[in-house]
Amino acid sequence: MSPRVLTSIVAGLPVPGADRLADRNPSNLDDVVCEVELSGPDVAHDAVRAAQQALPRWSGTTPWQRAEVLDRAGSEVLARADELADLLAREEGKTLIEARGEVVRAGQILKYYAGSALQPHGQALDSVRPGVEVTVTREPVGVVTAITPWNFPIAIPAWKIAPALAYGNTVVLKPAELVPACAWELVDILNRAGLPPGALNLVLGRGSQVGPVLTGSPEVDAVTFTGSVGTGQAVMASTMTRGAKAQLELGGKNPLVVTEHADLQVAVECLIQGGFGSTGQRCTASSIAIVTDAVHDRFVAAVTQRLATWRVGDARADDTDMGPVVDSSQLEQDLRYLEIARTQGAEVVGGEVLDRARAGHYLSPALAVGTTITDTINTEEVFGPVVSVVRVPDYADALAAANASTMNLSAGICTTDLAESSHFKRHSSAGMVMVNLPTAGVDFHVPFGGRGASSYGPREQGTGAIEFFTTTKTAYTSPGAP
Ligand code: UN1
């Protein structure tokens, strides 16, 4: 059977493209998930214009109408969770359990923002001047471009699109080239759920071709982006010069502190799930274990033992704990960082390229032991199944090492000592702190984001999202004669 062909969607209609790209399954490179007809700058322009034209109609809908569309879409995502999870695992390479979790999260996000559309978001208050009334209302920002990464192919598009639409904006989605099929399904579901044509458009194209139009067009009022620091800087440059809003979620270099007061089994599980879940390809991944001297050797031995039985294989096989790396360039990057770690003195356990029945990008989980916090592997984001270990004398040094990160997205501590965990929550320089939990894996109803070079602009998700996707209007009224 020949693979299905996907195209961009502008104003509700498919847009054929000249150039074709095969979307390959990283667990089996012979398996083509779909073919994509790539769009160029012209289609990107059309998508932006379609979003602009749809704005008066969509922003003029009632909160109930917007809630109904999002709720209906959320129901379809949840009803099709198994099928969409299979597609996600096949396209991106996370395991079926992980993929199903992500799909369900996307459905829940759509429903959460359906509810949020109906919540009161304004204020009415007395002026400081006698007899004057003040209202603060929230209005949509306008046309929003959402640029999303390959590692959460359905949840990240959902958590950008859902609040944008809930608060009355129109959207152009540009997903990563590696994961067009999940994005296409989400847009199709939302369009069929009752969006007017043009309220949500999909541009499947190369970032270098369509990115400048989608971020730099004067009609684009806001850009929400998750991805690399380099691309994030380009987004920042093109939005800032014309005063458009930008929300950037960039890298993370997330420490997991393990002290001698930790429950060792809990700590091992936190590191395994946080470091190697989703093949380590999460900006929230627990990529550095900072371990106090008293427990270091026992912890490393327990993690090594656990990893020895960790099964790497086809993302859709029942007995797989960890799927493949997403593509060959990511695999090369992982191996390059392991080589640098070795030359800087680390002992690397695992990190071998694996052969499986079908050709794919398989890498065994890697633990780089004996690193220092200033080593390259501890200062740059690897984005793979690679965790390094730093030995420190005590908790105070562990905290200092954890706070040395310049991409402070999420920081974790494993301890049963209440004073230690309270101190860590208070003094961590990360945007999110986890106690006895992996640094990855977050809720959708609370703000998400980091500090330092990790995030820019208002927070995503939860109640934080309204800050980015709306703009306030303050109105003063004098009722005139009494
Ligand atoms: C999570 O850890 O549950 O790209 C979400 C990423 C993050 C999302 C992580 N923006 O990995």
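Counting starts at 1 for both ligands and their atoms, in listed order.
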[atom] - nearest protein heavy atom and its distance:
atom: atom 3 (O) of ligand 1; value: Arg105 NH2, 2.7 Å
atom: atom 11 (O) of ligand 1; value: Cys283 N, 2.6 Å
atom: atom 9 (C) of ligand 1; value: Thr284 OG1, 3.5 Å
atom: atom 1 (C) of ligand 1; value: Gly441 N, 3.4 Å

TODO: May I ask whether Ile156 has any heavy atom positioned less than 4.0 angstrom from an atom of ligand 1?
DONE: yes
TODO: Please state which part of Met432 comes within less than 4.0 Å of ligand 1, counting heavy atoms only: side chain, backbone, both or neither.
DONE: neither
Task: Proximity of Trp159 to ligand 1 by residue part, where a heavy atom lies under 4.0 Å - done: side chain
Open item on the list: What I want to know is whether Gln281 and ligand 1 share at least one N or O pair that is separated by under 3.5 angstrom.
Closed with: no
- [ ] Could you tell me whether some N/O pair between Val442 and ligand 1 is separated by less than 3.5 angstrom?
- [x] yes
Salt bridge [X]-[Y], side-chain N to carboxylate O under 4.0 Å:
X: Asp314; Y: Arg356; value: no
X: Arg316; Y: Asp86; value: yes
X: Arg80; Y: Glu76; value: yes

Task: From Phe448, Tyr112, Phe444, Phe469, residue fulfilling ring-ring contact (aromatic ring centres under 6.0 Å, His included) relative to Trp159 - done: Phe448
In terms of atom number and element, which parts of ligand 1 are under 4.0 angstrom from non-hydrogen atoms of [X]?
X: Phe448; value: 7 (C), 8 (C), 10 (N)
X: Asn151; value: 4 (O), 6 (C), 11 (O)
X: Arg282; value: 11 (O)
X: Ala440; value: 2 (O)

Open item on the list: Measuring centre to centre across the rings, with the benzene-like ring taken for any Trp, is His423 within less than 6.0 Å of Tyr395?
Closed with: yes
Open item on the list: Within the 4.5 Å heavy-atom criterion, are Leu307 and Val349 side-chain neighbours or not?
Closed with: no
Task: Distance-only donor-acceptor check, side chains Trp150 and Glu92, under 3.5 Å - done: no
Task: Glu467: which of Lys245, Arg138, Arg459 passes salt bridge (Lys or Arg N to Asp or Glu O under 4.0 Å) - done: Arg138
TODO: Report yes or no: is the cationic atom of Lys94 (NZ for Lys, CZ for Arg) closer than 6.0 Å to the six-membered ring centre of Phe152, at no more than 45° off its axis?
DONE: yes
